[in-house]
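Structure, as structure tokens:
Chain A is the first sequence line, chain B the second, and so forth, proteins listed ahead of strands; every chain is numbered from 1. Only this structure's heavy atoms are used, side chains among them; waters, hydrogens and symmetry mates stay out.
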Number of protein chains: 2
Amino acid sequence: MPQTLAKIKRDFVEGLSQISRFWGFPKGMGAIFGVLYLSPTPLPLDQIVQETGLTKGAVSTEIRALARMGLVHRSTKLGDRKDYYSAETDFYAAIRSILQERQNSEFDRAVRSVMDTLTTMDENWVDNEEWNFVYQRVQALQDFFNAIDSLAKAVIRLESLGFSNVTKILGVLK
Amino acid sequence: MPQTLAKIKRDFVEGLSQISRFWGFPKGMGAIFGVLYLSPTPLPLDQIVQETGLTKGAVSTEIRALARMGLVHRSTKLGDRKDYYSAETDFYAAIRSILQERQNSEFDRAVRSVMDTLTTMDENWVDNEEWNFVYQRVQALQDFFNAIDSLAKAVIRLESLGFSNVTKILGVLK
DNA sequence: ATGTATGTTTAGTAATTACTAAACAAAATA
DNA sequence: TATTTTGTTTAGTAATTACTAAACATACAT
């Protein structure tokens, strides 16, 4: 039973939807990316609506999120007032972009708030056993976050995390 | 205005809750971990209930998830039929554990399904431009997932991703 | 100006997820 | 055997999130 390209595409898009949901993103997001990723040419919003079965509104908002993450790009054609969207195909670029996005996010605010705990304790120091214990634990967590942060920043700095870099990392970790 | 240890702890736990939510986990999960992380001794379920304000049921189910991820450990005392829970303090161990967990997860099933697309196309090959284009794109995605997978497996293999390893990685990426 | 093609915002609904309260199970103690 | 102490499961509720339908805004075309 020969599979049509249409069916193959649908399955692929379906798979990306599930992956998207797994990572905590709306499944529509994965679907939109999937449709764009399999298209040889940039697509206008209307066509994305057609192919995903979502509404204009949903596609409009979710594609904006995708663009913010650097996973899709918006372009225009001269003499055509539609916007056209295409998928980023350099996934390493996308990862970098996502990591960068994360820097100013709600997450960072929360991390920083946890870390403020240390300052507060410094300023109100009490020298008993429990106090010391808590301080030590919070500091350990801070150290961990800092290590992660260093790695993230290093990755951001790379222009390309191509195979050569991945290979290098694997070599070091061996 | 001197801050009590109790207040400091509450703020810290609150912060971890937000971080937890940011990563797509229930905020109660972060709270439970936070309480355990700041406790010098393992705590029984009842006390976690008290300190987080959640119900027994919620703590019971969420702590099981935390244990599955390797973020908390369950222990018992001889002659005491309570279970006691403590936080994993080696975060690198936790990361390893989470990555491992992920191997058999829904995520992997989805990734594999996407990759099956390639096999299906091989078996039903049609030699036209669009077919080739789609095939190429799907393959590029597979390559990316494979690279990620290699990295994940390398990390899992390390007994300790301590500073030495992080430093090494940073060196390579410079 | 009026109408048409686009994209965005908004207000409400559907679906999902986190959680509660309470029944239940199992095991130890009386 | 009945009672108490623990943890789990379940059924329902609250809160959140993803999405729809439709109003709106803008720019272009007539």
Bounded by its outermost nucleotides with an atom under 4.0 Å from a heavy atom of chain A, the footprint on DNA chain D reads D/dA18 to D/dC28
To the nearest 0.5 Å, what is the distance between CZ (B/R157) and CG (B/L99)? 12.5 Å
Would you compute the distance between atom CG of B/L118 and atom CG of B/L141 and round it to the nearest 0.5 angstrom? 9.0 Å
Could I get the full list of side-chain contact (heavy atoms from CB on, under 4.5 Å) partners for A/Q47, not counting sequence neighbours? A/L43, A/P44, A/E51
If you round to the nearest 0.5 Å, how far is CG of B/D83 from CG of B/D46? 11.5 Å
Value rounded to 0.5 Å, distance of CG in A/L36 from CG in A/L66: 8.0 Å
Report which part of the nucleic acid A/G79 touches: base, sugar-phosphate, or nothing (heavy-atom distance under 4.0 Å, all strands). nothing
B/Y84/B/K82 under side chain to side chain contact (heavy atoms under 4.5 Å, CB included): CA gap, chis, key distance, verdict: CA-CA 6 Å; B/Y84 288 84; B/K82 284 201 210 65; 3.8 Å; yes
First locate atom CG of A/L54, then atom CD1 of A/I48, and finally report the distance between them rounded to the nearest 0.5 Å. 10.0 Å
OH of A/Y85 to NE2 of A/H73: how many Å apart, nearest 0.5 Å? 13.0 Å
What residues in residues 10-43 of chain B put a non-hydrogen atom under 4.0 Å from any atom of DNA chain C? B/P26, B/K27, B/G28
Stepwise side chain to side chain contact (heavy atoms under 4.5 Å, CB included) check, A/M29 with A/M69: CA-CA 12 Å; A/M29 217 170 186; A/M69 291 192 220; 3.1 Å; yes
Under 3.5 Å, which protein N or O atoms sit close to an N or O of nucleotides 2-6 of chain C? Give each pair with its distance.
residue: C/dA5; atom: N3; partner: A/R81; partner atom: NH1; Å: 3.4
residue: C/dA5; atom: N3; partner: A/R81; partner atom: NH2; Å: 2.9
residue: C/dT6; atom: OP1; partner: A/K82; partner atom: NZ; Å: 3.2

Greater than 12 external heavy atoms within 6.0 Å of A/R21's CZ: no
For A/V49, all residues meeting side-chain contact (heavy atoms from CB on, under 4.5 Å), sequence neighbours excluded: A/L45, A/K56, A/V59
Which residues within residues 58-68 of chain A lie with some heavy atom under 4.0 Å of an atom in DNA chain D? A/A58, A/E62
In this structure, would A/F25 and A/F91 fall into the same cluster of hydrophobic residues linked by side-chain contacts under 4.5 Å? yes
